[in-house]
Amino acid sequence: MTETDTTLLPPERPDAALMLQMYESMVLIRRFEERAAEEYMKGHIGGFLHLAIGEEAAVVGSISALRPDDPITSTYREHGQALARGSDPKRVMAELFGRSTGICGGLGGSMHLMDVERHFYGGYGIVGGSIPLAVGLGFAISYREGDSVAMAMFGDGATNQGVLAESMNMAALWKLPVIFFVLNNHYGMGTAIDRASADTDLFKRAEAHGMPAKQLDGMSVLAVYRGVLEAARLAREERQPSMIEARAYRYRGHSMSDPDTTRADEEKERWEARDPLVTFERVLYGEGTLTAETAEAVRASVETQVEEAVAFADESPPVPEADLARHVYAHPWSEDPRGSAVVPR
Amino acid sequence: MSTKAASAPAASPGAAKPVSYREALTQAMREEMQRDPSVFLMGEDVGRYEGAFKVTRGLLREFGERRVVDTPISEAGFVGLGIGAAMAGLRPIVELMTVNFSIVAMDQIVNNAAKVRYMFGGQVACPLVVRMPGGAGHQLAAQHSHSLEAWFAHIPGLKVAAPATPFDAKGLLKAAIRDDDPVIFLESEGLYAKKGPVGGPDELVPFGRAAARRAGSDCTIVAISRMVWITLSAAEELAKEGIECEVIDPRTLRPLDIETLAASVRRTSRAVIVEEGWPECGVGANLAARLYEECFDDLDAPIARVSSADVPMPYAKNLEMAALPQPADVVAAVRRTLGAR
Ligand SMILES: Cc1ncc(C[n+]2csc(CCOP(=O)(O)OP(=O)(O)O)c2C)c(N)n1
Ligand SMILES: [Mg+2]
């Protein structure tokens, strides 16, 4: 585990209230995903289900360091992003169930959550595909002379798509307020990072674009928080895009359909020993921010939220079939529910 | 049936037990890699992980890392690399994890693979196979449910195969690997577990030969890839009412065996085309145009098309079912066609 370049990190620590909020968010994400896995096994959730269990510190630490109006993009592994941004767990679960009450009306599913009100600009399924969208969101901020910051969140695997280099160059060239946040969980599906990347220090990709970058312990929510806080300051105040590499691990297989046979147990255990929730709990206990009582209250509240989310999803109505073509265009030119290309029948 | 319609050849005597479409593909690659040392396989998770759909199971063990290469997630890069290696005389089989990711590599496929022979006046060949599974039906939503047959079939310089059976999966893939031109090999996710007989090591299925999957004299149904099976169950349904459909599987879209398709339509005077892609500018649109040109005077009714709905694929199961062609849609299309009698 390397933690390079922590010297430049600002000393800021979130205040006690924010620390507790971050803790609760991490617990919520963990439990939400564990429950989602159960519902998937029961056949209530279809398609792919990618869990970020083990990656909660990277998700929550980064998002907590941003303002709520800083737009973010993500991948298909994005339940945590939505929840960390404050999306209603009920509507997120309903989306996983493919119901009309889902956050995208049941059209997107687990891989394609979006909550535009909360400036979460979506989870995308094509590896690397969402990175330039964040650059576009940054461009729009710059264009309107706003002071928010866009953050692209993507995996280690995505760094080998050409579009990342294209995106970083444009952001640097035009001084756009963008953070390139790579959540390095050391695997792209079954392929370990050292079998896919010639240089596994992913943050070094920024150097070629004259961009500052940091490699952080992605199992530590505070390390991630501080790193992203500084990146956000750079972007907001100096129009300086930068890159953050957070090193973490996903405990489960790539998705629910991955038998996960290529990763060594010993490796999994090594990472799980540094579990982000347990580590953070220890810090909070040490500081007196968390007591056994508050921890219990957090867990109980999360349990209720998650159970309510499942019940809500389960009781929600299906998506009306008449909606099949509803959102294809702003102004559809055909009333045919099978789409705008009307085939004589 | 026209003589050219090589209806699925009977399994060779003593042929082994039925194998899955997946295993048929593995056999084709294994046999061709054994036969020709210039054949190698490259793609995401094709080696240690043995393929996202386990089509490359056992190949790394047998052929080693020199010939079974795990790539980074860099589709434009490694498809382009495959083209370069093919120009240098190797015979790459490049696996794209799914058809959806070919979109990232489309520039390499369309601007390079399809063009190098022609624009350099025949100086180089591009004996490349790009394999990829496509299709919907697993609630994978808008970005992971594409059927892009029409995109590839549009491009002069490419050959396009879309096998529906284990026999064709094996025979066409072997033919594709031996072909001197770039082949886009479209597998169907929904068919990997489908079992059937396959041919032996030297049985190739030639490109440009359609196969009759069912005989009938009331209506011709042309069906592509997985839609062959949807269509066959629709045909059984219709047979109960005494409507006998002839089901034709083109097997390759480029080259296209228009003669076999037209011969069937001339006999039945009616045609329905079933595809999983979208209706606008799709395979069905093209086949309908070709059939009108070939046998307009023989038709007793307008050609009907069955396709996916003209929408991105929705996630919700009920909407996905509504968007995808179902046997009932084929039945309805055939009835419509006959109603115009
Ligand atoms: C362009 C593209 N190629 C392949 C895939 C199939 N695929 C889905 S996720 C994945 C691994 C991505 O790894 P990484 O970027 O590290 O993200 P992680 O899944 O680890 O969060 C692959 C190969 C895809 N979705 N898009
Ligand atoms: Mg990864």
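To find a chain, count down the sequence lines: A is the first, B the second, and so on, and within it residues start at 1.
The candidate from A76(B), G47(B), A323(B) with the greatest count of non-hydrogen atom pairs under 4.5 Å with chain A is A323(B). Contact count against chain A (heavy-atom pairs under 4.5 Å) is highest for Y315(B) among F101(B), Y49(B), Y315(B). The residue among P314(B), G77(B), A309(B), A52(B) with the most heavy atom pairs within less than 4.5 Å of chain A is A309(B). Per-residue heavy-atom pair counts under 4.5 Å with chain A were compared for H144(B), R48(B), E44(B), and the maximum is reached by R48(B). Residue with the most contacts toward chain B among E321(A), E95(A), H254(A): E321(A) (heavy-atom pairs, distance under 4.5 Å).
Heavy atoms closer than 4.5 Å to chain A are found nowhere in M321(B), neither backbone nor side chain. Neither the backbone nor the side chain of Y76(A) comes within contact range of chain B; no heavy atom of the residue lies under 4.5 Å from a heavy atom of that chain. Only the backbone of L96(A) comes within less than 4.5 Å of a heavy atom of chain B; no side-chain atom from C-beta onward does. Proximity to chain B is limited to the side chain of T262(A), based on heavy atoms less than 4.5 angstrom apart. Proximity to chain A (any heavy atom under 4.5 Å) is shown, for A304(B), by neither the backbone nor the side chain. For M111(A), the part lying near chain B is the side chain, with the backbone staying farther off; criterion is any non-hydrogen pair under 4.5 Å. With a 4.5 angstrom heavy-atom cutoff, E320(B) does not touch chain A via any of its atoms. When heavy atoms are compared at a cutoff of 4.5 Å, V127(A) approaches chain B solely by way of its side chain, counted from C-beta outward.
Under 4.0 Å is where a charged nitrogen must lie from a carboxylate oxygen, and between E207(A) and K204(A) no such pair does. Looking at E95(B) and R131(B), a side-chain N of the basic residue comes within less than 4.0 Å of a carboxylate O on the acidic one, giving a salt bridge. A salt bridge does not link R91(A) with D115(A): every distance from a Lys NZ or Arg NE/NH1/NH2 to an Asp or Glu carboxylate oxygen is 4.0 Å or more. Between R335(B) and E241(B) there is a salt bridge, since a side-chain N of the basic residue sits under 4.0 Å from a carboxylate O of the acidic one. R195(A) has a carboxylate O that lies under 4.0 Å from a charged side-chain N of D70(B), or vice versa, which qualifies the two as a salt bridge.
For H138(B), the NE2 atom counts as densely surrounded, since its 6.0 Å shell holds more than 12 non-hydrogen atoms of other residues, nucleotides or ligands.
Between R263(A) and H186(A), the side chains place no donor N or O within less than 3.5 Å of an acceptor N or O (distance only, hydrogens not considered). Side chains of S197(A) and D156(A): no donor on one and acceptor on the other come within 3.5 Å.
Nearest heavy-atom pair across S20(B) and Y192(B) is CB-O, 3.5 Å.
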